[in-house]
Amino acid sequence: RRPKNFPPGPAALPLLGNLLHLGFDNPLNDFERLRKTYGDVYSFFLGPRPVIMLNGTKAIKEALVTKASDFAGRPQDLFVNDTTEGTGVILADYGDVWRNHRRFALTTLRNFGLGKNSMEERIHGELQHTITEMEKNNGKILSPQHMFHNISSNIICQVLFGKRYDYGDNFIKEIVRCFTENSKLANGPWAMLYDSIPAVRKLPLPFKRAFDNVKTVQRLANGLLNELKQMRVPGEPQDFVDCYLDEIDKRRDEVSVFTEEQLRGNALDLHFAGTDTTSNTLLTGFLYLMSYSHVQERCQQEIDQVLEGKNVVTFEDRHNMPYMQAVIHEVQRVANTVPLSVFHSTTKDTELMGYFIPKGTMVIPNLSTVLNEEGQWKFPHEFNPENFLNEHGEFFKPEAFMPFSAGPRMCLGEGLARMELFLIMTTLLRKFDFIWPEEDGKPDFTPVYGVTLTPKPYRMKVQLRATQ
Ligand code: HEM
């Protein structure tokens with residue numbers, strides 16, 4: 001039963017709730033259908049649990065920004081919470097554990113962006129490995145999936161652990177495999193069943209695979225953390241793990257939220273959040289750039305002109321590259337990489353657009369409905385960088401550009417992700433042409449659904465540009 005003045009929604013079955021209203025492989029179309037019937041704020045039931053779905057810029061901004069702290073919680077007792085054993089920052093509920101770890105992660109990321117071995121240098125250093133790989137395949141057709149996962153993973157590994165891994169290394173292959181698999185399992189049909197009917201949780205159903213993957217990742221992480229503990233010099237941190245261990249030391253005499261278990265959870269969270277998102281955005285980007293070759297050419301013209309005589313591109317150069325900026329933002333808009341954000345929950349009884357929402361209600365901000373909202377974009381349903389260019393050809397960012405979500409839980413890696421996307425795409429487009437292999441038929445833009453949307457595996461022909 002819906003509480004009084006609760007957002008409307010479809011009638012629910014006992015036990016199953018509205019499970020049967022949702023397509024198992026990809027419920028995004030069903031969510032859109034329900035929005036058409038019930039409006040921008042509606043509810044449905046995941047088993048016995050009521051869920052509020054937020055659609056469109058107005059509702060999402062009002063909840064996540066205007067009523068920020070009311071909506072800044074995370075639901076607990078879901079499949080994803082059980083797989084992460086309650087550690088880490090992404091799924092931590094609103095409170096001291098989350099607040100301290102978020103602040104710590106932001107400060108540490110910011111500190112690594114400064115100084116000699118800055119984030120830009122790390123990204124360029126890692127990019128060299130990708131460039132070498134592409135040069136080896138000049139004129140050939142290759143599958144970019146692993147390459148983009150490797151580059152994103154290695155950049156965050158350098159920040160977290162102060163080391164990178166060769167592209168064939170088993171450690172990183174295994175971690176990336178477990179995480180990408182879990183990203184699909186976590187929003188999938190078996191997870192929905194797990195969340196809806198607690199009685200099935202102990203059964204040997206396919207969701208067990210996610211728990212096995214977590215065990216594998218934890219075993220690998222424990223080995224690495226022990227190694228790093230042996231090597232560290234207290235007070236002279238080289239990476240995120242060193243900084244965290246210094247923090248544990250500093251607070252040894254108090255009751256602290258900084259523990260070794262949390263260190264592992266946080267490092268794994270940052271690795272997952274920093275890899276699967278950036279790599280899938282890059283994959284979507286190159287898929288569109290191959291298919292819209294006039295856009296690719298115009299990027300290259302701007303890059304050649306602005307970077308003439310310069311060895312490497314810097315993040316500052318983006319201010320002189322309105323078209324490149326527009327393309328990257330448009331890629332993020334159509335990629336819709338984290339379509340349902342990370343689920344939120346209310347931290348107290350509250351109101352939204354005239355409805356009553358009790359404390360502890362699960363809330364899903366449907367970011368897809370903002371990124372393609374009619375009235376917010378010049379071309380909501382097509383790939384068109386003009387969405388981010390004004391009549392003078394200058395770059396501008398509409399308020400509905402929200403791929404990182406908004407408010408206090410907004411993506412904490414936004415700065416790093418934006419730097420990666422700009423430096424990687426600009427450097428690669430300066431050096432290579434990316435060509436869709438004719439023999440592969442027409443490109444398929446339909447993504448595979450999960451916590452992150454992933455383009456279907458595709459191939460690309462890489463050709464050194466004549467100017468290189
Ligand atoms: C294109 C790349 C990325 C996209 C589209 C993206 C998107 C998002 C979104 C939509 C959320 C959920 C925000 C909310 O709950 O309202 C999120 C959270 C988060 N992201 Fe990202 N992200 C990206 C890259 C990164 C990177 C590189 C890192 C790591 C350095 C990262 C770390 C996190 C963390 C830790 C959270 C949880 C924040 C919290 O709960 O307070 N993300 N991200």
Side-chain angles (χ1 to χ4, degrees), residues 54 60-61 63-65 68-69 71-75 80-81 84 87-95 97-110 112-113 119 122-123 126 148-149 151-160 179 183 187 239-240 262 265-285 328-329 331-345 362-368 370-371 401-425 447 451-454:
L54 304 181
I60 292 185
K61 278 225 150 155
L64 304 191
V65 180
S69 61
F71 285 85
R74 294 283 192 222
V80 282
N81 307 100
T84 50
T87 60
V89 63
I90 304 179
L91 302 174
D93 207 354
Y94 192 59
V97 174
W98 165 71
R99 200 171 289 109
N100 279 290
H101 281 96
R102 183 173 169 105
R103 195 182 303 133
F104 177 82
L106 278 168
T107 311
T108 310
L109 283 174
R110 200 172 307 124
F112 283 122
M119 204 71 94
R122 285 167 211 254
I123 295 171
E126 187 54 41
F148 287 132
H149 270 86
I151 187 168
S152 318
S153 162
N154 265 336
I155 289 166
I156 193 75
C157 276
Q158 289 187 45
V159 175
L160 294 171
F179 275 147
S183 143
N187 270 11
D239 49 52
F240 179 93
Q262 279 290 3
N266 274 267
L268 290 175
D269 260 12
L270 290 172
H271 183 273
F272 165 69
T275 301
D276 207 40
T277 49
T278 314
S279 57
N280 282 320
T281 310
L282 286 168
L283 280 168
T284 307
I328 293 172
H329 283 74
V331 163
Q332 281 209 267
R333 190 184 73 83
V334 295
N336 185 20
T337 304
V338 193
L340 300 180
S341 184
V342 178
F343 301 166
H344 285 236
S345 80
M362 178 164 150
V363 176
I364 304 182
N366 188 340
L367 299 180
S368 324
V370 178
L371 294 175
F401 181 74
M402 244 188 256
F404 298 103
S405 187
R409 295 306 292 238
M410 181 177 180
C411 176
L412 69 75
E414 180 191 358
L416 174 59
R418 289 181 48 227
M419 190 185 273
E420 287 183 64
L421 292 176
F422 180 76
L423 296 180
I424 294 172
M425 291 184 76
V451 173
T452 52
L453 292 183
T454 311

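As the structure lists them, so they are numbered: ligands from 1, and atoms in each ligand from 1.
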Evaluate Ser405 for polar contact with ligand 1, using N/O atom pairs at a separation under 3.5 Å. yes

The atoms of ligand 1 lying under 4.0 Å from a heavy atom of Ser341, numbered in the order shown, are 12 (C), 13 (C), 14 (C), 15 (O), 16 (O)

For Gln332, the ligand 1 atoms whose distance to one of its heavy atoms is below 4.0 Å: 1 (C)

Does Asp269 come within less than 4.0 Å of ligand 1, judged by its heavy atoms? no

Should the ring pair Phe401 and Phe404 be called parallel, tilted or perpendicular, given that the plane angle runs from 0 to 90° and is split at 30 and 60? perpendicular

Mind checking whether Phe240 and Phe104 have ring centres under 6.0 Å apart? yes

Of all the non-hydrogen atoms in the protein, which one sits nearest to atom 1 (C) of ligand 1, and at what distance? Thr281 OG1, 3.5 Å

Would you kindly say whether Asn280 and His149 are connected by a side-chain donor-acceptor distance under 3.5 Å? no

Could you check atom 38 (C) of ligand 1 against the protein and tell me its nearest heavy-atom contact, residue, atom and distance included? Arg102 NH1, 3.4 Å

Looking only at heavy atoms of Leu367, does any of them come nearer than 4.0 Å to an atom of ligand 1? yes

Got an N/O contact under 3.5 Å between Glu420 and ligand 1? no

Checking the side chain of Arg333 only, and the main-chain atoms of Leu371 only, is there a donor and an acceptor separated by less than 3.5 Å? yes

Distance to 0.1 Å, residue and atom name: give those for the protein heavy atom nearest to atom 13 (C) of ligand 1. Arg409 O, 3.2 Å

I want to know if ligand 1 touches Thr337 in the polar sense, i.e. an N/O pair below 3.5 angstrom. no

Where is the tightest heavy-atom contact between Trp98 and Asp93, given as atom of each residue plus distance? CB-O, 3.3 Å

Element-labelled atoms of ligand 1 that are located less than 4.0 Å from some non-hydrogen atom of Ile156: 30 (C)

Nearest protein heavy-atom contact for atom 10 (C) of ligand 1: which residue, which atom, what distance? Pro403 O, 3.4 Å

Report the C-alpha separation of Ile155 and Leu416 in whole Å, then their side-chain angles, then the decisive distance to 0.1 Å, and conclude whether the side-chain contact (heavy atoms from CB on, under 4.5 Å) test is met. CA-CA 10 Å; Ile155 289 166; Leu416 174 59; 4.3 Å; yes

Atom indices of ligand 1, in the order listed, that fall short of 4.0 Å to a heavy atom of Trp98: 39 (C), 40 (O), 41 (O)

Heavy-atom pair with the smallest gap, counting every atom of Met425 and Leu282: CG-CD2, 3.7 Å

Please evaluate residues His344 and Leu54 with respect to the criterion side-chain contact (heavy atoms from CB on, under 4.5 Å), reporting the C-alpha separation (whole Å), side-chain torsions for both, the decisive distance (0.1 Å), and the verdict. CA-CA 11 Å; His344 285 236; Leu54 304 181; over 6 Å; no

Quick one: do Ser183 and Thr452 satisfy side chain to side chain donor-acceptor pair (under 3.5 Å)? Show the steps, please. CA-CA 7 Å; Ser183 143; Thr452 52; 3.0 Å; yes

Can you tell me if His344 contacts ligand 1 (heavy atom of the residue under 4.0 Å from the ligand)? yes

Metal environment of atom 21 (Fe) of ligand 1, protein N/O/S under 2.8 Å: Cys411 SG

Among all protein heavy atoms, pick the one closest to atom 40 (O) of ligand 1 and tell me residue, atom and distance. Arg74 NH2, 2.8 Å

